[in-house]
There are 2 protein chains.
Amino acid sequence: MTEHPSAALTSALSFQIGVLGATVTDLFATRIAPLGLKPKHAGLLALLAREGARSQAEAAETMGVAPSLLVRLADQLQDLGAITRERDPGDRRRQELALTAEGTALLESCDQVAERIDATLTSDLGPAEVAALRHALSVMTGFGPSSQRGE
Amino acid sequence: MTEHPSAALTSALSFQIGVLGATVTDLFATRIAPLGLKPKHAGLLALLAREGARSQAEAAETMGVAPSLLVRLADQLQDLGAITRERDPGDRRRQELALTAEGTALLESCDQVAERIDATLTSDLGPAEVAALRHALSVMTGFGPSSQRGE
DNA sequence: CGTAAATGATTCAAGGTGTGAATTACTTGG
DNA sequence: CCAAGTAATTCACACCTTGAATCATTTACG
C-alpha cells in the first residue's frame with residue numbers, strides 16, 4: 001500500500017526539489033550578479049569547460065534552451081571576454097565557442113560561490129548524509145531527456 | 001584541504017539541485033497544465049491545505065512572492081472555483097483564503113502528478129537511498145529564510 | 001555538376017511571469 | 001480624532017524565453 005490519502009503534495013520529492021532548486025538558484029543568481037553573470041551564463045561556461053569547444057547548436061541542445069537564446073548568452077559572455085567565437089574551418093556555418101583565461105577565472109568564481117552555498121546548505125548534515133545525497137542526485141540527474149540545463 | 005582546483009561547478013550540490021529542480025518543475029508544469037494550474041497555483045493550494053485559511057499577505061510571505069502576484073494567483077484559483085475569498089470579520093482589510101471541495105480535488109490531482117514524477121525520478125534508486133534523499137531534503141528545506149515557495 | 005533540402009547562426013517580435021509604485025480601505029496608537 | 005501603519009489591489013514596466021523569418025553554408029542526389 002503506497003497510497004497516501006492526502007499526502008499533501010508538499011511531501012513529494014519532486015515538489016521539494018523544485019522549491020529548493022528555485023531557492024538555491026535565486027541565491028546563486030544574486031551572488032554571481034556582481035560578476036555580470038546569470039545562472040545560465042555559468043551553466044554555459046561549465047559546459048565549455050567540461051566538454052571543450054562546441055557549436056552553439058550542440059550547446060543549446062544539451063542546455064535545453066532555444067538556439068536563439070544561446071546566441072544572446074554567447075554574445076554576453078563574449079562581451080565579458082569570457083569566451084571566443086571562431087568559425088569552424090571545416091564547416092563555416094558553425095561557431096566554435098571556447099573559454100578564455102578570463103572565462104576560466106569567472107567559472108572558478110562561480111564554483112566558489114556554489115561551494116559556499118553548498119556549505120550552508122549541508123551544514124546540518126553529516127558527511128555520510130551528504131555522500132548519500134550526492135549519490136542520489138548523480139543518479140537522478142541522468143534521467144528523462146538528455147538534460148544539462150544552465151540551472 | 002577542501003580545495004578542489006577546478007571542481008567544475010557542475011559537481012556542486014547547489015548547481016545540480018538547481019538544474020534538477022528546474023527540469024522537474026517544468027515537467028510538473030506541463031503535467032498540471034490541463035487542470036488550468038501552474039506550479040505556483042499548486043503551491044498555494046498546498047499551503048492552504050497545510051495551514052488552513054490565511055491572509056494573502058501571510059501566504060505571499062511564506063511563498064516568497066510579491067503580494068501583487070498573490071492577488072493574481074488567488075484571482076485565478078477563485079475563477080476555477082478552487083478557493084473562496086472572504087473578508088475577515090475581525091479585520092476587514094484581510095481576505096481569508098480557504099480551499100473548496102473543488103480545490104481539494106485539484107490539489108489531489110497535483111499530488112498524484114507529483115508522485116508519478118517521483119516514481120520515475122527514483123526508479124534507479126533503492127528504498128534506502130530514497131529514504132536518505134528524503135531525509136536530506138527535509139533537513140535542507142528548513143534552511144535559509146523561511147521559505148515555502150510555490151515551486 | 002548544380003540544384004534542392006538540410007543545418008547553423010542570427011535577428012526580431014511577441015508572450016508570459018514577476019516586481020515595485022501608487023491607490024484605496026481599514027485599523028491602531030498616541 | 002488624527003497619523004502612521006497594514007492589507008489588498010491595480011497598473012505599468014522589465015525581464016526571460018520562445019518561435020518565425022532570414023541568410024549563409026553544406027550536403028544529398030538527380
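Just so you know, these numbers come straight off a predicted model, no measurement behind them. Chain identifiers are assigned alphabetically (A, B, ...) following the order of the sequence lines, protein sequences preceding nucleic acid strands; residue numbering begins at 1 within each chain.
Here C:dA9 presents its P atom at 8 Å from CD of A:E58, a figure rounded to the nearest Å. Remark: P of D:dT17 and CG of A:L44 are 13 Å apart, rounded to the nearest angstrom. Rounded to a whole Å, the CG atom of A:L69 is 18 Å from the P atom of C:dA13. Between the CD atom of A:Q76 and the P atom of C:dT11 there is a distance of 12 Å, given to the nearest Å. Put simply, CG on A:L73 is 10 Å from P on D:dC16, counting in whole angstrom units. We find that CG of A:D75 is positioned 14 Å from P of D:dC16, with the value rounded to whole Å. Rounding to whole angstrom units, CD of residue A:E61 and C1' of C:dG8 are separated by 14 Å. Computed from coordinates, the B:L70 CG to D:dT10 P distance equals 13 Å when rounded to whole Å.
For the segment residues 87-100 of chain A, residues with any heavy atom less than 4.0 angstrom from an atom of DNA chain C are, sorted by number, A:R93, A:R94, A:Q95.
Every side chain to side chain contact (heavy atoms under 4.5 Å, CB included) that A:A132 has, sequence neighbours left out, goes to B:A132. Shown here are the side chain to side chain contact (heavy atoms under 4.5 Å, CB included) partners of A:T122, two or more places apart in sequence or in another chain: A:L125, A:V130, B:L13. Evaluation of the side chain to side chain contact (heavy atoms under 4.5 Å, CB included) rule for B:E86 yields no partner, not counting sequence neighbours. Shown here are the side chain to side chain contact (heavy atoms under 4.5 Å, CB included) partners of B:R116, two or more places apart in sequence or in another chain: B:V113. Applying the side-chain hydrogen bond (donor to acceptor under 3.5 Å, both in side chains) rule to A:R134 yields no partners; only residues at least two apart in sequence or on another chain are considered. Every residue meeting the side-chain hydrogen bond (donor to acceptor under 3.5 Å, both in side chains) condition with A:R54, not counting sequence neighbours, appears here in chain and number order: A:E51. In this structure, B:R87 has no salt bridge (Lys or Arg N to Asp or Glu O under 4.0 Å) partners at least two apart in sequence or on a different chain. Looking at residues two or more places apart in sequence or on another chain, you find no side-chain hydrogen bond (donor to acceptor under 3.5 Å, both in side chains) involving B:Q95. With sequence neighbours left out, the side-chain hydrogen bond (donor to acceptor under 3.5 Å, both in side chains) criterion links B:E102 to no other residue.
Of all nucleotides listed (D:dT9, D:dC15, C:dA9), D:dT9 comes nearest to the side chain of B:R85.
Annotated stems with DNA chain C as a participant read C:1-30 with D:1-30, given as range with range, by first number; only runs of 3 or more Watson-Crick or G-U pairs under 3.5 Å qualify.
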- Query: Given A:L70 and A:L97, is the side chain to side chain contact (heavy atoms under 4.5 Å, CB included) satisfied, shown in steps?
  - Reply: CA-CA 11 Å; A:L70 208 134; A:L97 307 181; 4.1 Å; yes
- Step by step, would you call A:L99 with A:L106 a side chain to side chain contact (heavy atoms under 4.5 Å, CB included)? CA-CA 10 Å; A:L99 280 182; A:L106 283 173; over 6 Å; no
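Between B:K40 and C:dG18 there is a side-chain N or O to OP1 or OP2 distance below 4.0 Å.
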Table of protein N/O atoms under 3.5 Å from nucleotides 11-14 of chain D N/O atoms:
none

